[in-house]
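Order of the sequence lines fixes the chain letters, A, B, ..., with proteins taken first and strands second; residue numbering starts at 1 for each chain. Computed from a prediction, not measured in an experiment: that's the story for all the values here.
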Amino acid sequence: MRIVIDLNKCLGYAQCVPLAPEVLKLSGEEAVMYDPNPDDTQRLRVLRAVASCPVQAILLDYRDDPGKTTKP
Amino acid sequence: MITRSLDAFKANGQIVIVGASLAGLRGAEALRDEGFGGRLTIIGDEPHAPYDRPPLSKQVLEGWVKADRTKLPHRREIDADWRLGVAATGLDRTKKLVRLGDGTEVPFDRLLITTGVRARQWPNPAEAGLEGVFTVRTCDDAARLQAALAARPRRVLIIGAGYIGSEMASVCRKLGLDVTVAERAAAPLAGALGNVIGAIAAEMQRDAGVDLRTGVSVSALEGDSRGHVCRAHLSDGTRLDVDLVLASLGSIRNVEWLDGARLAAGYWGLGCDAGCRVFDVHGVVTDDIFVAGDVARSPHVLFGYQFLSMEHWDNAVLGAAVAAHNMVCEELDRRAHLLVPTNWSGQFGVNIKSVGVPSFGDEIAFTQGAVTERRFAAAYGRNGRIVGAVTFNQGKWLQHYEALIMRSSPFPPPPAGFDVPADARSVPADFPPRGVGAPDVILTGHDPNERQAELVQPPR
């Protein structure tokens, strides 16, 4: 899978972190660090993390995104 | 391009994008979003599909994420002809084609330039060639450096304490490596955020165990009999035993391939209007050449209409979208790239974010939080208006300052009414002096109608 987090948009709510703890980590209080190309075994967790972001800062590759085909 | 042919161009035209990183990828996607159905070619000198660079100096060097596993997600199908691993070497504006390093030529109707920047190498080539001397810009750089860090060098020397140098110092400490940082200015991050904030960044580094040396430069690197770096000589006379050197000396814009194309391209970047349309050497706008990302340099309405290069992630994403739109629209539909730049950096457990152009300001005032807790916001002002802001672990407040900057609100801003700092007076932001790079240009021709500009290329 491929994800990228727009860390300008990210406000550090960190709701995503406990949903996919092997993919997303908090460095200090609000800096999110993540694995941009997580293993496919993480798929469900990553999808939950993407959906949980209050500011929708996590972009999923359209090929990985069950709900979208062409539009972000 | 004449207006009536726009539909034909969108259906059957040829667009070439030179530069296959973030701006190139997002530009290609935006062109398809905009309904461009013609032939799209994307040229990139690296053999890799577009990947994200910010993780390279953080999670990749830490050893958590592999250097070849930061591939960027695609937003949509692009249907492009990818020419990866071959550099563009020339632009022929008369024949409207791009020349490639493998001798082939790619014709275009319109061209999008997203060639970005590269890492400035250590200036002495013999010393730069020593084993154990690194720079980081590409994923291949990061892979080599990560392996070298994993081999546990006894002491790392980082030359230059900008964002990248500081992030890498943070990684070294996280890995438990001894690290010395040599910075010519009085403090880390001084160029981006000024010495007032720099002093706080310096404390963060020292508290984390970094051997930070400011106000010094590195005068020479020395190799051992195997050609591996073993010692550094500092300008204060110190000699330092080191076995890994990281030069983080900023970037050089990738414009050499445009030599002879008579565009406003030089070490200062590739000049363009606020709609991403490239200027020629005279400062006259071209019709069919566009630019986005780190290599672009455009006038910004909020900052005195000065030409700014914004080497930020959002500049690549949003600039590429504007460029793509303007490449396939009618004149009256053109959009401007009116970015309020934002930036982030994770280091020493602190999330540093900025908005606007702090270095455009000359004063700073702490507006929220507590410096002692490394949790605060500060605003930058110039001529009584706010032009930038920085937050340390207060990212949620950045949008508030962005709104103030967009409105050119008074500086210092009124107290936020929450978490007001003990001392909110404004003081000089104390940026190090900087030479504004002026292009070397001469004018020829006696009659004003014959006047021509010639770029004088610096020796390379």
What's the separation between atom CZ in A/R2 and atom NZ in B/K71, rounded to the nearest 0.5 Å? 7.0 Å
Return the option, out of B/Q347, B/R69, B/H312, with the maximum number of heavy-atom pairs under 4.5 Å with chain A. B/R69
In Å, rounded to the nearest 0.5 Å, how long is the span from NZ of B/K58 to OG of A/S27? 10.5 Å
Taking C-beta and beyond as the side chain, do A/D6 and B/W313 meet within less than 4.5 Å on heavy atoms? yes
Quick check: closest heavy atoms across B/D52 and A/Y34, and the distance to 0.1 Å? OD2-OH, 3.6 Å
Using distance alone, with no hydrogens and no angle criterion, decide if A/Y62 and B/E77 have a side-chain donor and acceptor under 3.5 Å apart. yes
Sort out for me which of B/N393, B/V65, B/T342 touches chain A most, counting heavy-atom pairs under 4.5 Å. B/N393
Under 4.5 Å heavy-atom distance to chain B, tell me which part of A/L60 shows up: side chain, backbone, both or neither. backbone
Which atom pair, heavy atoms only, marks the closest approach of B/N351 to A/E30? ND2-OE2, 2.9 Å
Taking side chain as everything from C-beta outward and backbone as N, CA, C, O, which of these in B/E29 sits under 4.5 Å from a heavy atom of chain A? Side chain, backbone, both or neither. neither
Is any side-chain heavy atom of B/Q59 closer than 4.5 Å to one of A/K25? no
Start with the C-alpha gap between B/Q399 and A/L11, add the side-chain angles, then the distance that decides, and say whether side chain to side chain contact (heavy atoms under 4.5 Å, CB included) holds. CA-CA 10 Å; B/Q399 288 172 327; A/L11 295 180; 4.0 Å; yes
So for atom CZ, which belongs to B/R375, do other residues, nucleotides or ligands contribute more than 12 heavy atoms lying within a distance under 6.0 Å? yes
Exactly one of B/P55, B/P54, B/P73 should register a side-chain contact (heavy atoms from CB on, under 4.5 Å) with A/V4. Which one does? B/P73
For the CD atom of B/E402 and the CG atom of A/N8, what is their distance to the nearest 0.5 Å? 9.0 Å
Could you tell me which non-hydrogen atom of B/D68 sits nearest to which non-hydrogen atom of A/N37, and how far apart they are? O-OD1, 4.3 Å
What is the minimum heavy-atom distance between A/L59 and B/R26, and which atoms define it? CD2-NH2, 3.4 Å
Could you state the interatomic distance from CD1 (A/I3) to OG1 (B/T70), rounded to the nearest 0.5 Å? 11.5 Å
On the ring face of A/Y13, is B/K396 found with NZ or CZ under 6.0 Å from the centre and within 45° of the axis? yes
